[in-house]
Colleague: 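Quick one: the structure is below, and I'll ask about it shortly.
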Amino acid sequence: MAAKTCNVLITGANRGLGLEMVKQMIAKPCPGRQIFAGCRNPEASKCEDLRELARKHPGEVHIVQIDTSDPRSVADCAKKVGPQLGKCGLNLLINNAGVMPHNTLKTITARDMQDNFNTNLLGPIMVTKEFLSYLQAASKACGKAGMSCKKSAVINISTLLGSMARTHETFYAFPVLAYRITKAGLNMLTVCNALEFKEDGILFVALHPGWVRTELGGQEADISPKESVEGMLRVMESLSERQNGAYLDYKGEVLPF
Ligand SMILES: NC(=O)c1ccc[n+]([C@@H]2O[C@H](COP(=O)([O-])OP(=O)(O)OC[C@H]3O[C@@H](n4cnc5c(N)ncnc54)[C@H](OP(=O)(O)O)[C@@H]3O)[C@@H](O)[C@H]2O)c1
């Protein structure tokens with residue numbers, strides 16, 4: 001990640017793309033940087049790789065408990081992390097945590113839809129809302145015009161499956177109704193936030209990581225987490241106010257909403 005980004009929060013960082021982001025960020029030294037790696041159950045065995053990274057990089061990688069589907073957990077996380085951010089504020093928030101249950105209109109229940117909504121859409125809404133004052137502080141502390149991930153930015157990890165314009169190409173392979181709807185909502189959230197906080201100098205972008213071999217993507221997917229995250233970090237480094245509210249993939253290609 002860009003050398004001057006000092007404070008980063010990534011949700012869902014104990015495995016998959018979130019964990020790979022933490023790994024690749026710490027591989028690029030940056031004095032004073034703090035990475036807050038969110039996971040919902042820090043003591044669980046599935047967080048061991050992240051705990052190992054935190055042990056190796058004390059003071060730089062902080063594991064923070066956050067269940068993005070639970071507004072109280074999100075608020076508690078902001079209360080704990082906020083004071084550790086200092087005058088630098090929060091430079092980069094990556095709303096990465098997500099779930100993809102396999103459902104269609106025939107199989108979905110109201111509960112399935114609500115659960116998926118809570119993680120994939122309410123989660124990013126509440127995390128952004130709770131950390132907004134720290135993002136604003138980061139933008140102010142930077143003191144420069146323009147937008148960037150070094151200054152103050154929210155990256156919403158979206159998916160091509162949230163593109164209405166391209167649904168006809170992907171629907172039969174991946175019907176996943178709730179996932180598509182919640183990610184289309186996440187794209188709308190990105191555009192609305194980009195407009196609402198333009199004057200604050202906070203950049204908002206929706207980013208599709210490609211089809212990646214994680215638990216969510218499955219082993220048949222096109223690319224490795226390493227390739228996806230290398231691409232996404234490259235794209236993040238290149239972002240400016242010109243991409244505020246954009247929907248891009250990990251290669252930087254513009255996707256149609
Ligand atoms: N892989 C792909 O092909 C692909 C394609 C397009 C978009 N994406 C998006 O990329 C993001 C990351 O996906 P991934 O492939 O890395 O999936 P993954 O390997 O299944 O990892 C998902 C991560 O999200 C966390 N998570 C789920 N629900 C959560 C909650 N309520 N609170 C906090 N954390 C929660 C998981 O934590 P636990 O370990 O506690 O479950 C895990 O750390 C998702 O937003 C996904 O939609 C992935």
Side-chain angles (χ1 to χ4, degrees), residues 9-24 36-51 53 63-78 93-102 112 114-127 130 154-163 166 170 173-174 176-187 189-190 205-229 231-233 235-236 247-251 253 255:
L9 170 64
I10 305 168
T11 62
N14 58 299
R15 59 187 173 92
L17 295 172
L19 180 66
E20 183 65 26
M21 285 180 203
V22 179
K23 280 185 187 165
Q24 291 194 22
F36 295 88
C39 63
R40 51 181 158 178
N41 191 358
E43 310 305 325
S45 58
K46 60 185 171 182
C47 296
E48 181 48 31
D49 291 351
L50 181 60
R51 287 198 295 269
L53 281 179
I63 299 179
V64 293
Q65 199 280 331
I66 181 167
D67 179 340
T68 61
S69 68
D70 174 1
R72 211 165 47 189
S73 165
V74 175
D76 287 347
C77 175
L93 164 60
I94 304 181
N95 282 314
N96 167 72
V99 284
M100 186 178 78
H102 289 255
D112 294 336
Q114 279 157 357
D115 286 349
N116 207 170
F117 175 88
N118 287 344
T119 298
N120 290 4
L121 188 50
L122 184 63
I125 291 173
M126 296 315 294
V127 177
E130 291 291 347
V154 178
I155 303 297
N156 290 322
I157 302 301
S158 181
T159 165
L160 176 64
L161 303 188
S163 166
R166 293 192 48 189
T170 58
F174 305 97
V176 293
L177 187 72
Y179 184 71
R180 286 177 174 279
I181 294 169
T182 55
K183 291 290 189 175
L186 183 66
N187 289 347
L189 175 74
T190 307
V205 167
L207 196 52
H208 165 55
W211 184 23
V212 195
R213 292 187 290 276
T214 62
E215 272 185 49
L216 187 149
Q219 286 316 300
E220 302 300 304
D222 290 336
I223 57 171
S224 65
K226 181 173 179 289
E227 185 178 352
S228 168
V229 170
M232 288 196 284
L233 294 185
V235 171
M236 287 184 218
Y247 178 28
L248 307 172
D249 73 7
Y250 72 106
K251 292 179 177 169
E253 298 293 324
L255 297 175

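Each ligand, and each atom within it, is numbered from 1 in the order the structure gives. Everything quoted here is computed from the prediction, not taken from an experiment.
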Colleague: Go through the structure and list residues passing side chain to side chain contact (heavy atoms under 4.5 Å, CB included) with Lys251, not counting sequence neighbours.
Modeller: Asp249, Glu253
Colleague: Return all side-chain donor-acceptor pairs below 3.5 angstrom for residues 211-220, not counting sequence neighbours, or 'none' if the list is empty.
Modeller:
from   : atom 1 : to     : atom 2 : distance (Å)
Trp211 : NE1    : Gly217 : O      : 2.9
Arg213 : NH1    : Ala221 : O      : 3.1
Arg213 : NH1    : Asp222 : O      : 3.2
Thr214 : OG1    : Leu216 : N      : 3.3
Thr214 : OG1    : Gly217 : N      : 3.1
Glu215 : OE1    : Arg15  : NH1    : 3.3

Colleague: Hey, are the side chains of Thr190 and Tyr247 touching, using non-hydrogen atoms and a 4.5 Å cut-off?
Modeller: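 SC-SC contact between Thr190 and Tyr247 ruled out.
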Colleague: I need the full list of salt bridge (charged side-chain N to carboxylate O under 4.0 Å, His left out) pairs touching residues 64-73, with sequence neighbours left out, sorted by first then second residue.
Modeller: none
Colleague: Using a strict cut-off of under 4.0 Å between a residue heavy atom and any atom of ligand 1, list the qualifying protein residues by chain and number.
Modeller: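 Only Gly12, Asn14, Arg15, Gly16, Leu17, Arg40, Lys46, Ile66, Asp67, Thr68, Ser69, Asn96, Ala97, Gly98, Val99, Thr119, Ile157, Ser158, Thr159, Tyr179, Lys183, His208, Pro209, Gly210, Trp211, Val212, Thr214, Glu215, Leu216, Gly217 have heavy atoms that fall under 4.0 Å of ligand 1, ordered by chain and number.
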Colleague: Looking only at side-chain N and O atoms, does Thr11 offer a donor or acceptor that is under 3.5 Å from a partner on Asn95?
Modeller: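 On atom types as modelled, these side chains do not qualify, holding no pair under 3.5 Å.
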Colleague: Quick one: does Arg166's side chain have a donor or acceptor within less than 3.5 Å of a partner on Leu160's backbone?
Modeller: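 Absent.
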